[in-house]
Amino acid sequence: MSKRKRLLFTLSLLAVMMVLSACGSTEAITSESTGFWDGMIIYNFSRMIIWLSNMFFGSYGMGIIVFTVIIRVILIPLNYFQTKSTRKMQDVQPQIKALQEKHSSKDTETKELLQAEISRVYAENDVNPYMGCLPALVQMPVMIALYQAISRTEILRSSSFLWMDLGSRDPYFIFPILAAILTFYTSKLTMMTQPDGGGQGKAMMYTMPAMILFMGISLPSALSLYWTVSNAFSVGQTLIMNNPYKVINERKAEASKKRELEKALEKAKNPKKKRRK
């Protein structure tokens, strides 16, 4: 999946989330709620947040924070495989770029040949281009369920945390801004490890924070709190699992080692030139 398609896919998921959140049922969630979505998902989300909140003396904001951390910990294996897939994708980019230059014609036959060659490179290097979308696919229903659990559970909807009413938007937009900044930083860390400097992926680095900010100032502050904690977790996870500063240093060391090897081979091929000097 190209970076442009991935960007459009992510934006589409965010748009779907906004529509589903706005159009969802407003009926209160209770122990009598039925159906898989209401009775199993939203009700249990609501109970879990309340249970966690009671561990922190009835602080429902802390309940949401701990709930978010638990969700992100559960998703660590998925994010680990996504990170490995991203690294593999980055490693094969020079081959992909060479193929694109070789098959630059826009006719249908050449396009099909290019896609076949790219698929071959992916298969040979065990690359799954769709792996990067899985975390978004998993987290989207979680965010929708969280939104509905709060908006449809009276005790959560009417609770406050710090300066915010969890069921209303952040009056000072502090958490939406923090969520947007952390989203930007997470994307920037990811872009730093890409050999071409990010390319089309740079659009996502700016578009995603803007979307998060826009939704954060419109939706309940509890969701902004979730995004802030989740993206802070993402920053820490990226620095641990795929630290771009470490990756860049490793690539520099590898490039330097390669240059030294090339120099040594050149000297070995031209011993007379070395003596004259």
Side-chain angles (χ1 to χ4, degrees), residues 3-24 45 49 60-69 71-72 75 79 82 132-151 156-157 159-192 194 197-239 244:
K3 293 172 185 175
R4 181 178 297 175
K5 288 182 180 178
R6 189 176 298 174
L7 171 60
L8 292 174
F9 175 79
T10 305
L11 294 180
S12 297
L13 283 179
L14 290 173
V16 168
M17 178 196 161
M18 291 190 70
V19 171
L20 291 177
S21 297
C23 299
F45 270 39
I49 294 171
Y60 294 99
M62 285 300 301
I64 291 172
I65 290 172
V66 177
F67 177 81
T68 304
V69 172
I71 293 295
R72 292 311 307 261
L75 291 176
N79 283 285
Q82 180 204 15
C133 300
L134 282 179
L137 281 172
V138 172
Q139 290 193 66
M140 199 58 61
V142 171
M143 287 187 284
I144 295 172
L146 177 64
Y147 169 84
Q148 292 199 11
I150 293 165
S151 63
L156 295 177
R157 183 173 67 245
S159 297
S160 60
F161 180 66
L162 300 176
W163 60 85
M164 305 174 296
D165 292 326
L166 293 175
S168 304
R169 65 182 187 178
D170 185 340
Y172 305 115
F173 309 134
I174 292 175
F175 275 99
I177 291 172
L178 282 175
I181 291 172
L182 289 166
T183 300
F184 174 81
Y185 188 47
T186 300
S187 300
K188 183 176 176 61
L189 289 173
T190 302
M191 294 299 106
M192 285 172 63
Q194 299 191 9
Q200 294 178 1
K202 286 184 178 179
M204 186 178 290
M205 187 168 68
Y206 294 100
T207 305
M208 284 295 294
M211 290 290 292
I212 293 292
L213 179 61
F214 173 74
M215 289 191 292
I217 63 179
S218 306
L219 296 174
S221 57
L223 202 56
S224 296
L225 179 60
Y226 171 85
W227 272 324
T228 300
V229 177
S230 181
N231 287 321
F233 192 98
S234 291
V235 169
Q237 183 174 267
T238 301
L239 291 173

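Residues take their numbers from the sequence shown, with the count starting at 1.
With S221 contributing its side chain and S168 its backbone, the two residues share a donor-acceptor pair below 3.5 Å. Side-chain atoms of T68 never come within 3.5 Å of backbone atoms of S230 as a donor-acceptor pair (strictly under, hydrogens ignored).
The two atoms that bring I64 and A222 nearest to each other are CD1-CB, 3.7 Å, heavy atoms only. Pairing each heavy atom of V229 with each of V69, the nearest pair is CG1-CG2, 4.1 Å. For A179 against I212, the heavy-atom pair with the smallest separation is CB-CG2, 3.7 Å. Between F161 and M62, the closest heavy-atom pair is CE1-N, 3.9 Å.
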M215/W227 under side chain to side chain contact (heavy atoms under 4.5 Å, CB included): CA gap, chis, key distance, verdict: CA-CA 11 Å; M215 289 191 292; W227 272 324; 3.8 Å; yes
Working for side chain to side chain contact (heavy atoms under 4.5 Å, CB included), residues I71 and Y226: CA-CA 10 Å; I71 293 295; Y226 171 85; 4.2 Å; yes
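Distance check, rounded to the nearest 0.5 Å: CG of L189 to CD of Q237 gives 12.0 Å. Atoms CZ and OG1, on F184 and T207 in that order, are 11.5 Å from each other to the nearest 0.5 Å. Between the CD1 atom in I174 and the CG atom in L225 there is a gap of 12.5 Å [rounded to 0.5 Å]. One finds the CZ atom of F233 at 8.5 Å from the CG atom of L75 (value rounded to the nearest 0.5 Å). We find the CD1-CG distance between I177 and L213 to be 6.5 Å, quoted to the nearest 0.5 Å.
If you check the side chains of S224 and R169, you find no donor sitting under 3.5 Å from an acceptor. Between the side chains of T186 and N231, no donor-acceptor pair of N or O atoms lies under 3.5 Å.
The side-chain heavy atoms of L156 and I49, taken from C-beta on, include a pair separated by under 4.5 Å.
Ring-centre distance between F67 and F45: below the 6.0 Å cut-off.
By the ring-ring contact (aromatic ring centres under 6.0 Å, His included) test, Y60 pairs with no residue at all, sequence neighbours left out.
Considering L219, L223, D170 in turn, D170 is the only one that fulfils the side-chain contact (heavy atoms from CB on, under 4.5 Å) rule with P176.
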